[in-house]
Structures are given as C-alpha cells and as structure tokens.
Number of protein chains: 2
Amino acid sequence: MSADCHHEDGSHPGLAGETLRRAIGLAETRCMTSQERLTAPRRRVLELLLESDAPMKAYDLIAAFGQSGEPAKPPTVYRALEFLERLGFAHRIESLNAYVPCRLDGAGHKAAFLICECCGAAEEFEPDFSTQLAAAAARGYAVSGVTLEARGLCPACR
Amino acid sequence: MSADCHHEDGSHPGLAGETLRRAIGLAETRCMTSQERLTAPRRRVLELLLESDAPMKAYDLIAAFGQSGEPAKPPTVYRALEFLERLGFAHRIESLNAYVPCRLDGAGHKAAFLICECCGAAEEFEPDFSTQLAAAAARGYAVSGVTLEARGLCPACR
DNA sequence: GATGTTATGTTATCTCATAACAGAAGTGTT
DNA sequence: AACACTTCTGTTATGAGATAACATAACATC
C-alpha cells in the first residue's frame, strides 16, 4: 500500500454486531459437522479477521488479541491461523504476509486475490484455474492447491 | 519439501560452463539495450541462481556469495534480487520465500510455478491468465502483475 | 573537474515465524 | 471414578527473512 493513498477500501467492510455473530455461528456449525473444535483462541482470531476492513498481519492479530490490551504470544495466533486456513475459514496472502477471512463459501484449497497497491484492499474472487490445471496435468503434476495474487489498482484508486 | 523425499528434481538442472556463460551473456545484452548495468554483485547473484538446481533462499545466496567462503551482507543480495526481479531475470516464489532465475524469455510481470511438495522442484510454466485478467477487468481493477503458485507432486514424486 | 545520479558497503534493527517442552482440557475406556 | 490417549494451550527462547539509515564509491554529463 502506498503511503500517500487517501482512498478508502470499500470492497470488504469489516463485520460487526449481528452480521459478525452469524458469520461466527456459521463457522461453529461447520466445525461441528467436521468434528473440529472452534476453541477460544481460534474463535478470537477469526473474529478479529472478520472485523477488519483489510488484510491483517500476524503481529497485528497478536497485538489486538487480548480484550484489555494484553497481546497474545505468537504461537497462539499462528496456531489459530493454521487451523483457520486448514478449515478454509481464512487465507494467507503470501505477497503481503497477511491474512484475510475467507469471503467465498467452500473455495477449498484454492484462492485468488486482487490486491490494490494503493489502498491495500485485497478482494477475493472466485478462481477459475481450469487453464492452469490443464497445463499442470499436461506436465504430469498432481496439484493439491493453487493460489493466485494479482497486483494493481482497484476501481477507487485508479 | 518433505524431509523423506529421495527423488531428484530433474526439471531444472543448474547451468554450468558454456551454457551458464551464454545465459549471463544474454542478460548482459538485455541490460545494454535497456540502459541498465549488470554490476558485479548483480551478476554474481544471477550466476548463483542459474547454477542452482532448485529455488534458493536469500540467506543461501548470502552464504554462497563470496568466492572464498565469505558471506555477503544481506542488503547486497536483497538489492541484487530486487534488480533481477525488476528486469525479469529472476522471480520470487512467495510461498517458499525463495528465488529462481527466469526460465522463460520475456514473461514480464507475470509468473506461474508448479511447486513439488515432495522434492522442492519449482517448475516455471507459461502463464495464461486471460480468465483471471477478465475477472479483474470486470471488477474495474487495473492489473500490473500476476503470480500463481500451484502446489502438488511432480511426475517423479507421485 | 564539478555536479547529479546510481550503486555499493556497513551497522544495526525490525518483522515474521517456529522449536521445544510442560501442562490443561477433552474423549473414550474399563 | 481412574486410566490412558489425544488434542489443544501456555510459555520461553530462538531462528529465519528483510529493511532502515547513512556513509562512500563509481559512473555519467555538462
């Protein structure tokens, strides 16, 4: 994100109130059905991601973790992120070293982002990797996960 | 790369001798025509990348930099990598924190890799991003660069 | 040969992430 | 209930990756 960008990122406003509660409730349900546990630290990290307007760095999560200002220890947050990624509730954006909640239901182990170099917005979009998967198959590769990160300017910043 | 993989990565054998010299000569030429300078540290880092069979970490490059075993200082190597990326001579693989020489001529600011989770090979392939670029355009994004990283098993490791 | 620009050398520090081990909490048995 | 088993958490310490800041050197060009 450039330092002198004054645009707002309108693409993914953070959740709050009832909307937030429902998103977390949905995660609870999905954990139930897959015999996984949405424990307190995992729930807290998911909540922080959902509340945020923008991708969050791990140490942002660490700093914001405690209700009354006490930070978490790094492993607490990294473990929660690992869990959330494994269940598809969050994605890591490699080129930012940052994390976002999954905005698309059931994207599985594929993710695609449009990242604005001006305002820092990271918009997730439905990835169609058929071309690339065909190229991989032609080379004999068995692909288990794909990520795509496109950098540029969002409509507001152009 | 899994610790117990005994396969060889055959996809990108490191260059040596005449082949290596020609690859570097090509880079020299391309620098000339674009009014850029392939200075000693830049040339050295490119050489190390070209000689390697596999993606190299920045601190691998730092350790291998000196002819007689003396490491480089980190900024020396990071600056060279920045230059090589800018000119399209090298790519950073975000999900590995590692670097490879560009294997495709004139790929510009787009790159696509098949990364073997067993042997660590990273094969660059010709990216066709037409689908994703159309999706980006539909959202009003002006895309300046795209990277794709597909993880899985290479033919030898399957 | 003075000036502006680009690149390098050097020190220190910052950000990002994980290893290792002890303890607590849930689950299923007998 | 007592037990073993597994999963998750707490805590300390450290490893890995990258950059800020400033001084010096090399090149260009006028």
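No experiment lies behind these values; they were computed from the predicted model shown. First the proteins, then the strands, lettered A, B, ... as listed; each starts at 1. Worth knowing before you read on, the calculation uses all heavy atoms, side chains too, and leaves out hydrogens, waters and symmetry mates.
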Quick one: [X] [atom1] to [N] [atom2], roughly how many Å, whole number?
X: B:Phe83; N: C:dT6; atom1: CZ; atom2: P; answer: 13 Å
X: A:Tyr99; N: C:dC16; atom1: OH; atom2: C1'; answer: 8 Å
X: A:Glu36; N: D:dT6; atom1: CD; atom2: P; answer: 16 Å
X: B:Glu70; N: C:dT10; atom1: CD; atom2: P; answer: 12 Å
X: B:Arg42; N: D:dC27; atom1: CZ; atom2: P; answer: 12 Å
X: B:Lys73; N: D:dC22; atom1: NZ; atom2: P; answer: 18 Å
X: A:Ile62; N: C:dA17; atom1: CD1; atom2: P; answer: 9 Å
X: A:Gln35; N: D:dT6; atom1: CD; atom2: C1'; answer: 14 Å

Reckon [X] has a side-chain N or O less than 4.0 Å from the OP1 or OP2 of [N]?
X: A:Tyr78; N: D:dC8; result: no
X: A:Arg44; N: D:dT9; result: no
X: A:Lys57; N: C:dC16; result: yes

Touch class at under 4.0 angstrom, heavy-atom based, for A:Arg37 against every strand present =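 Answer is sugar-phosphate: A:Arg37 comes under 4.0 Å of backbone atoms only.
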Contact class for B:Pro41 vs. all strands (heavy atom < 4.0 Å): base, sugar-phosphate, or nothing?
->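 Sugar-phosphate contact only - B:Pro41 comes under 4.0 Å of backbone atoms but never of a base.
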Hey, does [Y] have a side-chain heavy atom less than 4.5 Å from the side chain of [X]?
X: B:Glu149; Y: A:Val146; value: no
X: A:Phe125; Y: A:Leu114; value: yes
X: B:Cys31; Y: B:Phe83; value: yes

Where each residue is assigned the nucleotide of DNA chain C containing its nearest heavy atom, which of B:Thr39 and B:Pro74 is assigned the position nearer the 5′ end?
-> B:Thr39
Whichever of A:Arg79 and A:Tyr59 has its nearest DNA chain C nucleotide further upstream toward 5' |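 Counting from the 5' end, the first nearest nucleotide belongs to A:Tyr59.
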Within the side chain of B:Arg103, is there an N or O that forms a donor-acceptor pair under 3.5 Å with the backbone of B:Glu123?
-> no
Establish, from distance only, whether the side-chain atoms of B:His91 and B:Glu124 form a donor-acceptor pair under 3.5 Å.
-> yes
What nucleotide among D:dA18, D:dT11, C:dA17 has an atom nearest to a side-chain atom of A:Asn97?
->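 Closest of the options to the side chain of A:Asn97: C:dA17.
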